[in-house]
Amino acid sequence: MSVPNESSTANVSRSIWAACLPAALVGLASLLLWEAAVRYWQLPRILLPSPVEVARAAWDERDALWRGSLITGAAALFGLLLAVFAGTLVAILFSQSRWLRTAFYPYVIFLQTVPIVAIAPLLITWSGYRFRTVILVVAIISLFPIVSNVTAGLMSIDRNLLDLHRLYGAGRWQVLRGLRIPTAIGYLVLGLRISGGLAVIGAIVGEFFVGNGTSYDGLGTLMTGWQARQRTDALMAAVGASTILGVAMFALINGLSGRWLRRWIPATH
Amino acid sequence: MCEPTPPTDTGVSLQDACVRFAEGSIGLRGVNLEVAAGEIVSLIGPSGCGKSTLLRVIAGLQPLNVGSVAFHPQPLVPGQLGFVFQDPALIPWRTALANVRLPLELLGRQSPEDATARSSSVLTEVGLAAADHKKYPAQLSGGMRMRVSIARALVSDPSVLLMDEPFAALDDLLRGRLLELLQALWQRRRRTILFVTHNIAEALLLSQRVLVMNAGGVQGELSLPWPYPRRAELRGSVEFGEVYTQVSRHLAEAGNERPE
């Protein structure tokens with residue numbers, strides 16, 4: 001990002017243009033080049049449709065894409081909420097007992113090293129071809145950043161402040177509520193930024209395994225269906241929709257944390 | 001407004017206090033110390049000589065391996081001992097007022113309204129304007145943060161006040177003002193004060209007695225007869241210079257580091 005030297009609004013808007021214009025030009029040029037290449041070499045549409053064809057497919061399938069985005073977005077959001085709830089609870093338990101930490105933390109790390117695609121079929125077996133299963137996949141894939149960040153936050157309280165609480169006879173609960181949890185909120189937001197991206201990935205991977213032909217139709221199931229029917233143009237439109245979903249998730253987390261959690265995030269002080 | 005605890009004068013005594021840290025290093029090696037009720041004592045010495053450990057032992061934050069700490073005439077209850085840390089150690093998401101109120105909230109002996117009123121009056125007493133009571137620590141200057149930190153230590157009206165290099169990070173002008181504030185507060189209410197410092201002039205301006213510490217023990221002791229309030233001009237006097245030299249000599253014998 002370029003930093004404006006002068007402070008007048010005209011200069012600021014000019015510098016925003018200056019920052020965005022090169023990227024926009026590169027994007028436009030790539031699209032034109034892509035369109036030209038498809039037309040010049042007459043590439044088969046199944047292999048590579050042109051941008052115009054992708055846009056047309058997106059328009060034709062707008063209802064399915066919109067519905068799929070909502071379902072996948074909902075799965076990602078619910079799964080993320082589940083991960084935040086479960087992860088925070090686990091982190092609080094870890095912060096209260098060294099024994100629990102040393103006994104269970106290795107398994108949390110172990111959970112992280114298991115590739116999620118490897119357990120997704122198992123989850124399908126246990127939980128069925130349904131929305132619930134996708135939420136579980138999302139929750140598991142986005143759990144680790146929450147647990148590790150919140151545990152770190154709960155443990156990294158200021159030593160003097162802890163002494164101060166002890167000096168006035170504060171109990172475990174008072175330290176947790178008054179000191180540990182507020183300190184951990186900034187760390188939770190950091191974890192959420194990582195987990196938010198993982199959640200969308202988890203939702204789409206989960207939907208791949210749920211697969212097409214069920215009553216469930218998120219972006220991932222649409223993709224497997226269109227891939228099977230060799231509708232590459234619609235498939236690429238779905239890739240675009242999932243990208244937008246990822247960006248929306250990131251913006252949502254940043255927006256919420258900026259609005260409600262600001263005073264607990266040390267970086268803003 | 002109810003007073004949290006009846007003001008009693010409290011003396012402190014340490015008998016053969018020994019601290020050995022988990023990693024094997026020695027914190028205190030057999031310190032014997034008597035501090036009379038209402039006395040101001042400074043502890044001075046090179047880094048790592050055990051000054052801070054001594055304060056933490058008295059505060060009950062550091063257990064003793066051998067020896068004992070006692071308060072007389074009677075043991076302290078929470079709230080009768082205030083602690084000021086080297087950095088202000090304020091909670092960033094609480095306002096100045098809410099930071100000062102924290103000890104009263106933890107003690108839970110007063111109604112929220114009384115606690116707020118008491119906190120506000122102590123903040124005013126240490127020189128924080130009413131407009132600044134609602135500000136967050138990040139919005140306050142270093143000097144104001146230290147004032148808030150002092151107010152927090154005083155809010156429960158302790159009879160013993162422990163201060164661990166509270167002014168080390170402040171400039172000379174600010175340090176002078178806060179030393180005057182501390183003397184004024186002490187003249188109004190004679191708490192027992194133990195003040196750890198690196199700064200000889202600070203120790204001489206503030207305290208009735210200076211203890212020079214080295215390698216976990218008390219190496220020397222000097223009594224300072226000057227009346228209060230002691231103004232900065234005292235630093236120019238001949239007797240101040242003489243005592244200053246004496247303390248410097250003690251410190252030079254104590255070790256490696258020359259303070260200031």
Side-chain angles (χ1 to χ4, degrees), chain A residues 84 88 91-92 95-99 101-102 149-150 152-192 253-254 256-269, chain B residues 4-5 52-53 55-63 76-95 98-110 115 134-140 145 148-149 152-153 155-158 160-166:
Chain A
V84 168
T88 304
I92 287 175
S95 79
Q96 294 304 298
S97 154
R98 177 189 291 271
W99 189 87
R101 262 199 317 282
T102 46
N149 273 281
V150 176
L154 292 169
M155 300 309 295
S156 69
I157 53 174
D158 186 303
R159 160 120 191 235
N160 286 341
L161 288 175
L162 181 62
D163 282 346
L164 189 80
H165 279 70
R166 287 170 60 196
L167 208 57
Y168 294 99
R172 190 178 273 260
W173 168 243
Q174 279 173 310
V175 172
L176 181 66
R177 201 189 50 175
L179 202 56
R180 290 192 194 277
I181 289 176
T183 304
I185 288 174
Y187 288 76
L188 172 65
V189 170
L190 289 180
L192 265 179
I253 289 166
N254 271 350
L256 290 183
S257 62
R259 192 169 161 74
W260 283 311
L261 306 177
R262 189 190 221 122
R263 46 194 277 234
W264 282 287
I265 303 172
T268 59
H269 283 289
Chain B
T5 43
S52 298
T53 307
L55 280 202
R56 290 176 54 80
V57 162
I58 295 170
L61 297 169
Q62 170 71 50
L76 297 185
V77 295
Q80 284 184 307
L81 188 141
F83 203 110
V84 180
F85 301 93
Q86 179 172 354
D87 71 288
L90 301 177
I91 294 182
W93 57 85
R94 279 175 171 253
T95 61
N99 264 290
V100 173
R101 200 175 52 213
L102 177 70
L104 300 180
E105 290 174 16
L106 293 174
L107 291 169
R109 294 180 196 140
Q110 302 180 48
K134 289 280 165 66
K135 285 187 179 164
Y136 288 93
Q139 299 169 291
L140 299 172
R145 275 182 230 162
V148 175
S149 186
R152 180 179 60 190
V155 75
S156 62
D157 197 22
V160 176
L161 184 60
L162 308 177
M163 307 181 86
D164 190 2
E165 299 190 48

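Just so it is clear: chains get the letters A, B, ... in the order the sequence lines come, proteins before strands, and each one is counted from 1. Nothing here was measured: the structure is a model prediction, and the numbers come from that model.
Closest non-hydrogen pair, V148(B) versus L140(B), comes out as CG2-CD1, 3.9 Å. What you find for V100(B) and V155(B) is that their closest heavy atoms are O-CG1, 3.3 Å. When all heavy atoms are compared, the tightest approach of L179(A) to W93(B) is O-CH2, 3.8 Å.
Rounding to the nearest 0.5 Å gives a distance of 8.5 Å between CZ of R180(A) and CZ of R172(A).
In this structure, chain A has no heavy atom under 4.5 Å from any part of Q139(B). With a 4.5 angstrom heavy-atom cutoff, L90(B) touches chain A only via backbone atoms. For R56(B), the part lying under 4.5 angstrom from a heavy atom of chain A is the side chain only.
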